[in-house]
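For reference, positions follow the sequence shown, starting with 1. No experiment lies behind these values; they were computed from the predicted model shown.
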Amino acid sequence: MNFILKSKLFWSFMVVLAFLLMVIGFFTKDLSMWVTAFIISILVKLYAEDILFSAYKNRLGKMREKLARKEG
């Protein structure tokens, strides 16, 4: 179970699933799909933010440093 929770593929699938549930729930006007997508997004935020988005955070930090050097 611990391996699954640290798997990038699993959490990527969960993000795609949440997005699809939101889109399908929007068109079918099904509130339960939206609630499920919201719960999945909270789980991704709590457990997998570092696994999925660490590369983007590093890139964003480098861009902020470059911008700070240009401005200051």
Side-chain angles (χ1 to χ4, degrees):
M1 182 73 173
N2 197 17
F3 173 73
I4 292 173
L5 292 178
K6 292 185 179 181
S7 172
K8 191 172 186 175
L9 181 64
F10 172 73
W11 290 111
S12 299
F13 172 74
M14 293 300 279
V15 169
V16 171
L17 178 66
F19 176 74
L20 289 175
L21 284 173
M22 279 195 162
V23 170
I24 293 169
F26 176 76
F27 288 117
T28 61
K29 296 180 177 79
D30 187 4
L31 189 60
S32 65
M33 286 188 187
W34 278 73
V35 171
T36 306
F38 182 69
I39 291 170
I40 290 172
S41 65
I42 290 174
L43 289 174
V44 168
K45 173 74 173 162
L46 291 176
Y47 293 112
E49 184 178 20
D50 296 337
I51 296 170
L52 294 177
F53 304 112
S54 63
Y56 298 112
K57 284 185 179 182
N58 292 338
R59 234 185 279 165
L60 186 61
K62 289 177 184 177
M63 290 173 62
R64 284 182 179 165
E65 288 176 9
K66 286 181 183 178
L67 183 63
R69 276 189 248 141
K70 285 183 181 178
E71 288 181 354

| task | Please check if L9 and V16 belong to a single hydrophobic cluster, counting links between Ile, Leu, Val, Met, Phe, Trp and Tyr side chain heavy atoms closer than 4.5 Å. | result | no
| said: Let me confirm one number: the CD1-CZ distance from I40 to F13, rounded to the nearest 0.5 Å. | reply: 8.5 Å
| If every non-hydrogen atom of F26 is compared with every non-hydrogen atom of W34, which pair is closest and at what distance? | N-NE1, 3.2 Å
| remark: Quick note, salt bridge (charged side-chain N to carboxylate O under 4.0 Å, His left out) partners involving residues 33-45, not counting sequence neighbours, are K45-E49
| query | Going from NZ on K66 to NZ on K70, what distance comes out if it is rounded to the nearest 0.5 angstrom? | reply | 7.5 Å
| query | What is the distance from atom OG of S32 to atom CG of L21, rounded to the nearest 0.5 Å? | reply | 9.0 Å
| task | Check whether any side-chain heavy atom of F10 lies under 4.5 Å from a side-chain heavy atom of M14, and answer yes or no. | result | yes
| For M22 and A37, which heavy atoms make the closest approach, and how far apart are they? | CG-CB, 3.5 Å
| Inter-residue atom distance S12.OG - L17.CG, 0.5 Å rounding | 12.5 Å
| said: Here's a test for you: under side chain to side chain contact (heavy atoms under 4.5 Å, CB included), which of V35, T36, I42 qualifies with I39? | reply: V35
| What pair of heavy atoms forms the shortest contact from W11 to V44, and how long is it? | CE3-CG2, 3.7 Å
| said: Give me each pair satisfying salt bridge (charged side-chain N to carboxylate O under 4.0 Å, His left out) with a member in residues 10-19, each pair once, sequence neighbours excluded. | reply: none
| said: Evaluate R64 against L60 for side chain to side chain contact (heavy atoms under 4.5 Å, CB included), listing each step before the verdict. | reply: CA-CA 6 Å; R64 284 182 179 165; L60 186 61; 3.7 Å; yes
